[in-house]
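Before any comments, here is the structure.
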Amino acid sequence: MVAPAALDFQGSSVDLARALIGAVLLVDGVGGRIVETEAYDAEDPASHSHRGPDARNASMFGPPGHAYVYRSYGIHWCLNLVCREAGHGAGVLIRALEPTEGLDRMRTRRGPVVDLLLCAGPGRVGQALGITPAHDGLPLDRAPFELRPAALRADVVVGPRIGISKAQEMPWRFGLRGSRFVSRRFP
DNA sequence: AGAACGATTAACT
DNA sequence: GTTAATCGTTCTG
């Protein structure tokens, strides 16, 4: 019997990003197993919270255990889970899921793509789960969110983050080893 | 005020 | 491998 890895929203975003691999995330009953995450922090030049609180990133400076939703490239809605003490500005970007529940609704939202690409990337996760600005700032421990920690400690691989120009060398992207549902392979 | 830039994706060569 | 789409935020003058 192995104790479930509890999700600690009070700790660092790097620790939470690692612990989230293998956890199950649902929004209105639609979602799956988290297979890829990235950590961001106020001391991190690549983070939206680096310049301090503003209208867009306010949720990152709100209470831990809540959602931070932002618009990416004017097109996509991406979901983060806020951690650390309120006011700090740290969070974890959900980059990919292995779809397990609500497949039909995901296929309707995502259009004609193979199931492997339903949630392989932060923008795709947002679209498949129906994430909107209305989810920004909502608590993760009640509807429409459902978050279940991984039953066993997952086999996690680490690598540099994707799509950033600052602090590219920081190994703050985490994935489930061998998963075919990640947005990109790990070296 | 205007230009440049994204925590991206889909389509194309 | 390259590139267009698309729009709020940030940088520059």
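First the proteins, then the strands, lettered A, B, ... as listed; each starts at 1.
- Closest to the side chain of A/Tyr40, from the set C/dA5, B/dA7, B/dT9, is B/dA7.
- The nucleotide whose nearest atom lies closest to any side-chain atom of A/Tyr70 is, among B/dA7, B/dG6, B/dA10, B/dA7.
- At the heavy-atom level, A/Ile164 lies under 4.0 Å from the strands shown only through sugar-phosphate atoms.
- Taking both residues in full, the closest heavy atoms of A/Pro63 and A/Ala86 are given as CA-CB, 4.0 Å, listed atom of the first, atom of the second, then distance.
- Minimum atom distance to the side chain of A/Asp54 is reached by C/dT10, of the listed B/dT9, C/dC7, C/dT10.
- Of the residues near DNA chain B, A/Ala46 and A/Arg110, the one whose nearest nucleotide (by heavy atom distance) lies more toward the 5' end is A/Ala46.
- One finds a side-chain N or O of A/His48 lying less than 4.0 angstrom from the OP1 or OP2 phosphate oxygen of B/dA7.
- Atom name P, nucleotides C/dT3 and B/dC5: the rounded distance is 15 Å, in whole Å.
- Of the two residues contacting DNA chain C, namely A/His76 and A/Ala55, the nearest-nucleotide position lying further toward the 5' end is that of A/His76.
- Nucleotide B/dA7 forms no Watson-Crick or G-U wobble pair with any nucleotide shown, as no partner meets the under 3.5 Å limit on both distances.
- When the side chains of ILVMFWY residues are joined at heavy-atom separations under 4.5 Å, either directly or via intervening members, A/Phe145 and A/Leu81 end up in a single hydrophobic cluster.
- Taking a pair to require two hydrogen-bonding distances under 3.5 Å in either a Watson-Crick or a G-U wobble arrangement, C/dT6 remains unpaired.
- Across all strands, A/Arg184 comes closer than 4.0 Å to no nucleic acid atom at all (heavy-atom distances).
- Among the heavy atoms of the strands lying under 4.0 Å from A/Asn80 is at least one base atom, whether or not backbone atoms are also near.
- Stacking is not found between A/Tyr73 and the pyrimidine-like six-membered ring of the C/dA5 base under the 5.5 Å centre-distance and 30° plane-angle cut-offs.
- Within 4.0 Å of A/Arg95, counting heavy atoms only, lie sugar-phosphate atoms of the nucleic acid but no base atom.
- OP1 or OP2 of B/dG6 sits under 4.0 Å from a side-chain N or O of A/Ser165.
- Ionic pairing of A/Asp44 and A/Lys166 is not present here: no N-O contact between side-chain nitrogen and carboxylate oxygen is shorter than 4.0 angstrom.
- Look at A/Arg124 and A/Glu36 and you find no salt bridge, because none of the NZ, NE, NH1 or NH2 atoms lies under 4.0 Å from a carboxylate O.
- Nearest nucleotide to the A/Ser47 side chain, out of C/dC7, B/dA7, C/dC11: B/dA7.
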